[in-house]
Amino acid sequence: MPEPEADAPSSIPDFFASHVANQPDKLAVIGMDRSLTYGQLFTQASALAKGLYRLGLRPGDHAALMTYNLPEYSEISAAINLLSAGLIMIGYRSKPPEIEYIVDNSDAKIVIFYQDFADRIVPYRDRYKKLLPSGFISFGDSSIDGATDLKSLMIDPPDVDLENLPPPEKPATSMIYTSGTTGQPKGAARGGNTGDRTGAMEYLFSLLGILKLAADEVHLVC
């Protein structure tokens, strides 16, 4: 078996951790109503991860999220990643039966949703059999009856060493679901560290070069 090249990366770098360490005051997320620096994003995500751990979410578990394109997405996804859990995205046009199916089929332990989608989830809470006891979590300008407020999970979080959590029995996979036009939706999973795949890092850095992306540019997510 040939030896790997000395300068070939063995896994994808943790860009988020690098930015937090080297430029914590640089803007990471720019929203309509609020923005977050890398340092603020890490602080918020860490507190949320610890709050979710207190609820019972563990490495290897799945968490479902239904939201618009909001800064909270970055906080939630980063928190889920810090817990080595998997993020299941739910399309914002999904109807109650579709939401229930995705949450159940993915074995999600919690479902986090923006306040606008409460009427598609909360009235049917008895149908969700696999969620943790406090597995309904909402965010927005108003609190939702029957759901834990996301911000409350960041207040006085427990002392959890996020860098030394027990390893999961089975690694979690982040997923989006197909449209299900010929049957029930199927979870399209991306498992494992994509940076370990042959040529992955070379492709990433060549793409950055082709697009001529610089450190001071802003990426628009529509």
Side-chain angles (χ1 to χ4, degrees), residues 12-55 57 59 61-94 108 110-118 137-144 147-157 160 162-163 165 172-176 190 193-195 201 204-205 207-209 211-222:
I12 192 166
D14 189 337
F15 292 111
F16 180 43
S18 176
H19 292 322
V20 171
N22 297 316
Q23 47 189 6
D25 296 326
K26 182 178 180 179
L27 280 177
V29 179
I30 302 172
M32 293 291 290
D33 299 317
R34 68 187 184 107
S35 300
L36 295 164
T37 65
Y38 282 106
Q40 291 169 334
L41 178 57
F42 178 74
T43 298
Q44 294 286 90
S46 297
L48 178 56
K50 294 174 182 179
L52 293 173
Y53 190 90
R54 178 164 51 194
L55 286 185
L57 194 69
D61 288 342
H62 288 143
L65 173 61
M66 187 173 182
T67 180
Y68 294 127
N69 186 17
L70 299 169
E72 284 82 358
Y73 165 79
S74 296
E75 294 171 319
I76 295 165
S77 61
I80 298 301
N81 185 62
L82 288 172
L83 283 177
S84 297
L87 184 63
I88 312 300
M89 294 302 302
I90 301 173
Y92 73 92
R93 295 185 185 276
S94 298
I110 62 172
V111 56
I112 305 173
F113 56 92
Y114 183 58
Q115 62 183 19
D116 287 11
F117 310 124
I137 303 168
S138 69
F139 65 94
D141 297 328
S142 304
S143 297
I144 302 298
T148 300
D149 187 74
L150 184 76
K151 292 180 181 178
S152 70
L153 297 177
M154 303 181 190
I155 300 174
D156 193 24
V160 178
L162 296 174
E163 295 184 359
L165 295 173
T173 54
S174 294
M175 287 186 283
I176 57 173
R190 174 172 291 182
N193 189 342
T194 56
M201 292 304 297
L204 173 61
F205 286 112
L207 184 63
L208 292 175
L211 297 178
K212 295 181 171 58
L213 296 179
D216 59 348
E217 295 188 39
V218 176
H219 177 70
L220 175 64
V221 182
C222 298

**Request:** Kindly indicate, with the supporting measurements, whether the criterion side chain to side chain contact (heavy atoms under 4.5 Å, CB included) is fulfilled by Y53 and L165.
**Result:** CA-CA 10 Å; Y53 190 90; L165 295 173; 3.8 Å; yes
**Message:** Run the side chain to side chain contact (heavy atoms under 4.5 Å, CB included) test on L52 and I80 for me, step by step, so that the C-alpha distance in whole Å, both residues' side-chain angles and the decisive distance to 0.1 Å come before the verdict.
**Reply:** CA-CA 9 Å; L52 293 173; I80 298 301; 3.9 Å; yes
**Request:** Could you check M66 against V111 for side chain to side chain contact (heavy atoms under 4.5 Å, CB included), going step by step and ending with a plain yes or no?
**Result:** CA-CA 8 Å; M66 187 173 182; V111 56; 5.6 Å; no
**Message:** Checking H62 against T173 for the side chain to side chain contact (heavy atoms under 4.5 Å, CB included) test, could you report, in this order, the C-alpha distance in whole Å, the side-chain angles of both residues, the deciding distance, and whether it holds?
**Reply:** CA-CA 8 Å; H62 288 143; T173 54; 3.7 Å; yes
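Taking every heavy atom of both residues into account, S35 and Q40 meet most closely at O-OE1, 3.9 Å. Contact record, A172 with G86: CB-N, 3.2 Å, taken as the closest heavy-atom pair. F15 and F205 get closest at one heavy-atom pair: CZ-CZ, 4.2 Å. Across A118 and I144, no two heavy atoms sit closer than the pair CB-CG2, 3.8 Å. Minimum interatomic distance between K212 and E217 (heavy atoms only, all atoms of both residues): O-OE2, 3.1 Å. Of all heavy-atom pairs spanning P157 and A47, the tightest one is CB-O, 3.7 Å.
Formation of a donor-acceptor pair under 3.5 Å by the Q23 side chain with backbone atoms of Y38 is not found in this model. With hydrogens and angles disregarded, a donor-acceptor distance shorter than 3.5 Å links the side chain of T43 to the backbone of G39. Put simply, the side chain of T37 gets close to the backbone of P24: a donor and an acceptor are under 3.5 Å apart.
For the pair N81 and F16, the minimum side-chain heavy-atom distance is 4.5 Å or more.
The CG atom of L27 sits 11.0 Å away from the CG atom of L41 when rounded to the nearest 0.5 Å. L48 CG to I137 CD1: the interatomic distance, rounded to the nearest 0.5 Å, is 7.5 Å. Here the straight-line distance linking atom OG of S77 with atom CG of L82 works out to 9.5 Å at 0.5 Å rounding. Annotation: the span from I90 atom CD1 to L65 atom CG amounts to 7.5 Å, rounded to 0.5 Å. Here the OG atom belonging to S84 is positioned 9.0 Å from the CG atom belonging to L162, to the nearest 0.5 angstrom. For the atom pair CD1 (I110) and CG (L153), the distance works out to 8.0 Å, reported to the nearest 0.5 Å.
Taking the six-membered ring where tryptophan is involved, the planes of Y92 and F117 are tilted, since the angle between them lies from 30° to 60°.
Looking at residues two or more places apart in sequence or on another chain, you find a salt bridge (Lys or Arg N to Asp or Glu O under 4.0 Å) between R34 and E72, E75.
Partner Y68 forms a ring-ring contact (aromatic ring centres under 6.0 Å, His included) with one of Y73, F113, Y114 and no other, that one being Y114.
For I176, the CD1 atom sits in a loose shell: 12 or fewer heavy atoms of surrounding residues, nucleotides or ligands are nearer than 6.0 Å.
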